Amino acid sequence: MAYWLMKSEPFKYGWDDLVAEGEGTWDGVRNYLARNNLMAMQVGDEAFFYHSREGLEIVGICTVSVAGIGDPTDESGKWAAVKVKPKAKLARPVTLAAIKAEPRLADMQLIRLSRLSVCAVTPEEWQVICAMAKS
DNA sequence: GCCAACGTTGGC
DNA sequence: GCCAACGTTGGC
């Protein structure tokens with residue numbers, strides 16, 4: 001089981017859109033590191049859903065329902081995609097400011113590679129953020 | 001709306 | 001193969 005963080009702009013495709021659809025395809029990724037992360041995902045992996053540009057916070061958790069498929073928006077066949085289903089909305093969103101203020105989260109890919117749209121999250125980081133989302 | 005950071009492209 | 005130019009992303 002691995003953990004991830006996926007960014008989306010809420011005015012383009014937000015958490016509420018994913019909940020409304022029931023299942024969403026994570027496609028349109030055109031970055032090699034993000035693609036590597038996408039291709040490493042397995043069915044059952046969990047991912048934070050992060051709102052970028054507006055909101056700047058983790059709002060929910062989704063699970064990978066289909067892994068290792070080609071990107072339907074790509075004709076060349078070299079880009080990857082996965083499908084995800086919403087699992088739970090966080091009791092309290094975890095903001096970027098809160099993540100930056102937490103020393104244990106300072107080394108997250110999210111912080112170090114701010115433009116990466118699909119980030120890996122370590123189990124330790126996952127636990128810390130989940131704890132922050134409850135209290 | 002601006003700007004910094006980063007990835008990609010293309011000329012040499 | 002290097003590097004400058006450009007485009008895109010995302011935080012502020």
Side-chain angles (χ1 to χ4, degrees):
Chain A
M1 160 86 83
Y3 298 106
W4 311 95
L5 182 146
M6 305 168 109
K7 289 186 190 177
S8 186
E9 299 168 358
F11 49 87
K12 207 159 125 192
Y13 190 89
W15 172 258
D16 291 339
D17 296 311
L18 179 63
V19 171
E21 287 187 14
E23 182 176 52
T25 302
W26 216 273
D27 55 23
V29 174
R30 294 294 182 271
N31 171 287
Y32 284 99
L33 185 52
R35 186 195 65 163
N36 290 346
N37 284 339
L38 272 180
M39 295 197 305
M41 288 185 190
Q42 304 281 328
V43 172
D45 283 358
E46 299 193 336
F48 288 126
F49 193 111
Y50 175 81
H51 281 169
S52 66
R53 306 205 63 174
E54 283 185 13
L56 306 184
E57 58 190 10
I58 297 169
V59 291
I61 295 171
C62 49
T63 53
V64 177
S65 54
V66 181
I69 56 176
D71 187 333
T73 66
D74 165 47
E75 294 179 1
S76 68
K78 64 178 181 177
W79 297 104
V82 298
K83 290 190 180 185
V84 296
K85 289 183 176 176
K87 183 187 179 193
K89 188 171 185 174
L90 298 189
R92 299 184 65 194
V94 177
T95 64
L96 181 65
I99 291 170
K100 283 185 170 176
E102 169 53 61
R104 287 172 293 175
L105 302 177
D107 283 333
M108 284 187 74
Q109 274 193 353
L110 173 71
I111 305 298
R112 293 190 299 125
L113 301 171
S114 66
R115 290 186 55 224
L116 187 62
S117 56
V118 182
C119 302
V121 177
T122 68
E124 292 76 19
E125 291 161 352
W126 184 272
Q127 293 302 326
V128 171
I129 293 172
C130 285
M132 290 166 73
K134 284 176 192 164
S135 57

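Only a predicted model underlies this, so the values are computations on that prediction, with no experimental measurement involved. By convention in this document, chain letters (A, B, ...) are assigned in the order of the sequence lines, proteins followed by strands, and residues within each chain are numbered from 1. All values below come from the heavy atoms of this structure, side chains included, with hydrogens, waters and symmetry mates left out.
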Query - Residues which pass ring pair (Phe, Tyr, Trp, His ring centres under 6.0 Å) with A/Y3, listed by chain and number, not counting sequence neighbours - result: A/W126
Report summary line: Residue set satisfying ring pair (Phe, Tyr, Trp, His ring centres under 6.0 Å) with A/W4, at least two apart, ordered chain then number -> none
Would you say [X] and [Y] make side-chain contact, with heavy atoms under 4.5 Å?
X: A/V29; Y: A/S117; value: yes
X: A/I129; Y: A/M108; value: yes
X: A/L110; Y: A/L116; value: no

Query raised in the report: Which pair of non-hydrogen atoms, one from A/K134 and one from A/R92, has the smallest distance, and what is that distance?
Result: O-CD, 4.4 Å
Filtered N/O pairs between nucleotides 3-8 of chain B and protein, under 3.5 Å:
from, atom 1, to, atom 2, distance (Å)
B/dC6, O2, A/R115, NH1, 2.4

**Report entry** Sorted by number, the residues of residues 2-12 of chain A with heavy-atom contact under 4.0 Å to DNA chain C
**Finding:** A/K7, A/E9
Query raised in the report: Got a sec? Which of residues 94-104 of chain A come in under 4.0 Å of DNA chain C, heavy atoms?
Result: A/L96, A/K100
Between [N] ([atom2]) and [X] ([atom1]): distance, integer Å:
X: A/Y50; N: C/dG10; atom1: OH; atom2: C1'; answer: 8 Å
X: A/Y13; N: C/dT9; atom1: OH; atom2: P; answer: 18 Å
X: A/H51; N: C/dT9; atom1: NE2; atom2: P; answer: 17 Å

**Report entry** A/I99 and its side-chain contact (heavy atoms from CB on, under 4.5 Å) partner, picked from A/L5, A/L56, A/V94
**Finding:** A/V94
Query raised in the report: Can any side-chain N or O of A/R112 pair as donor or acceptor with the backbone N or O of A/D107 at less than 3.5 Å?
Result: yes
Query raised in the report: Please walk me through it: do A/R30 and A/D71 pass salt bridge (charged side-chain N to carboxylate O under 4.0 Å, His left out)?
Result: CA-CA 10 Å; A/R30 294 294 182 271; A/D71 187 333; 2.9 Å; yes
Report task. Return each pair, listed once, that meets ring pair (Phe, Tyr, Trp, His ring centres under 6.0 Å) where at least one residue sits in residues 55-96 of chain A; pairs must be two or more places apart or across chains. Result -> A/Y32-A/W79
